[in-house]
Amino acid sequence: MDGPVPGWLADTVLYQLYPQSFADGNGDGIGDLAGIVDHLDHLAWLGVDTVWITPCFVSPFRDAGYDVADHFTIAPRYGGNDDLAALVDAARGHGIRVLLDLVVGHTSDRHPWFRAAIDDPDDHRYIWADRSEPPPGFVASPGTRPGGYLPNFFDFQPKLNFGYGRANPAEPWRQPVDAPAPRANRAAVREIMDFWLGRGVAGFRVDMASWMVRDDPEWVETARLWQEIRGWLDATHPDAVLMSEWGDPRIAVPAGFHADFFLHVGGDGNGRPLRSLWDTGDGVRRDDWGRLDCYFDPDGRGSPAAFLAAWREAVDAIGDAGFVALPTANHDFDRLCCGRRTAEQLPAAFCFLLTWPTLPAIYYGDEIGMRYLPDLPDVEGSVTVPGYNRAGSRTPMQWSGGPGAGFSTAPPNRLYLPPDPDPRRPTVAAQRADPGSLLHVVRRLIELRRHTPQLGARGSVRVLHAGYPLVYLRGDRFLVVVNPRRAPARIGLPRPVRGTPVLGGGVRLADGGTGAPAGGRPASSGPGGDAAPNGGGPGGAGGRPGGDRVLADGFGYAVLLLDEPYPPA
Ligand code: NOJ
Ligand code: CA
């Protein structure tokens, strides 16, 4: 896709917000839009500038809102359409754009379209096998119409008909992509988008974007569909963006999206690029994932190689047409703080996230190191299959102390999900008061990225060491060192460098001969610390640290500004 990419996207830091659990403005135990408005100052202070809100439309909420019953109306529990407009306005006042979730691969089985289709054999909005017995994979008709319908995810999410990539005489329900019903559904997608874009939203995260046209080898027709929609979007709303839930940016961006997320699923490796970074194996599990040692593993058993290779392949395929988005987590997958990975490892993870040339996406609460809570009950479809429990990543935002964690004033038994019961759980209030906290580290990293184009999504990168530690150059002056394991790590550089840490801790440069720091003290007292940009930090007044060795403490991380440009390879 060669359409223009809105300039703001390259510089954005995205924040994903699960509206059920972010902030409850009216005390009924469930988050709402007014609650989000009340906390925009937190997001603005943190420095994020695009917020993606998971579905907030009328729904029976059997899949947390991914079962939409009315695409044009905000669910009453979150407020009304006016509250969405008020949120968009207030967010704009804070310099924040709002993305909504576009869920158009399926609807709820309570959607009026579906209620009409179950009694009308001539209605092809959904994929219907009109025969006495539903074929395998279809769900029996709940209406007077015989046969059954094709579900998209859960059985109560009937798939909308966007046609098939190829015909099959044995499956007469297969329609071509340009048959009247698939075309009507395409038009409906544009209508929904236009409705919300007209109310000021900045674009959409698109649910199950790769899964629109069925039996579509190489996604040829799926790409045509999204390219058509993208062409319309570029012509009518040129500043708006589409970000896909595809999990394979190398395919999704050429197919029409401005950006695609690396996900825990999707792509040739079934989510391997993202899981090879973050997946400790201690949170949500799927049988088809197999065993994997992630790079951000405290015992240092992983490697960044799988991620780096997939990222390279993706950016080579994408060129300037769009971006790879890299999330800390999402509402379907573990939080960063999960199982054996504890809070002390997170500054290094955020240093990587916010200095790598991808679009960073912070999942709400990860900025304070909220943890994935195991073994929660199935709430609104959070458990898809046994073991795959998404509720652990959907618990209330921990704003402050107290039984409702500052999320809600409702009695604890009325909260959407229980907050982390650990008395030492992190909170925004406590971390804001502590300049050494993860929250402050994340904020400083965002601020540094914002003021340093070389560290952003478009700047160049050169990996000098792909192991423990990971060492890379951004532009020719910024050296980033990340050591996500508990044990220290040291490596030799191809040439000596001198530089000043602008952010981070537990990393120093030294001469190979002695292994001792050359020209200064260690960068700071520990990985939680933070070097002052100039003077007061590493090296102090006595000179700049330098050498051809990088020494990283356990969980150390740093961004160093080199005195001299690093020579090209
Ligand atoms: C992906 C969403 O992220 C997930 O939460 C949902 O259950 C499915 N799509 C179905 O819409
Ligand atoms: Ca509420």
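Numbering of ligands and ligand atoms starts at 1, following listing order.
Counting only protein N, O or S atoms, the number found under 3.0 Å from the Ca ion (ligand 2) is 5.
Figure legend: Arg394 and Tyr364 shown without cation-pi pairing, the cationic atom not lying both under 6.0 angstrom from the six-membered ring centre and within 45 degrees of its axis. In this structure, Arg390 is not positioned above the aromatic face of Tyr388 in the sense of NZ or CZ being under 6.0 Å from the six-membered ring centre and within 45° of the axis.
From the protein, the heavy atom lying nearest to atom 7 (O) of ligand 1 is Asp63 OD2, 2.6 Å. For atom 5 (O) of ligand 1, the nearest protein heavy atom (residue, atom name, distance) is Asp332 OD1, 2.7 Å. Looking only at heavy atoms of the protein, atom 1 (C) of ligand 1 is closest to Asp207 OD1, 2.9 Å.
Of the residues Thr107, Asp120, Asn185, the one that meets the side chain to side chain donor-acceptor pair (under 3.5 Å) test with Arg125 is Asn185. Residue Arg186 forms a salt bridge (charged side-chain N to carboxylate O under 4.0 Å, His left out) with just one option from Glu191, Glu228, Glu221, and that option is Glu228.
Side chains of Asn152 and Arg214: a donor on one and an acceptor on the other come within 3.5 Å. A side-chain N or O of Asn270 and one of Asp288 form a donor-acceptor pair less than 3.5 Å apart.
Only the side chain of Arg205 comes within 4.0 Å of ligand 1, counting heavy atoms alone; its backbone N, CA, C and O stay farther away.
For Phe153, there are no ring-ring contact (aromatic ring centres under 6.0 Å, His included) partners, not counting sequence neighbours.
In summary, the atoms of ligand 1 found under 4.0 Å from a heavy atom of Glu245, numbered by their order in the structure, are 1 (C), 3 (O), 9 (N).
Atom CG in Asp420 sits 7.5 Å away from atom CE in Met370 (nearest 0.5 Å).
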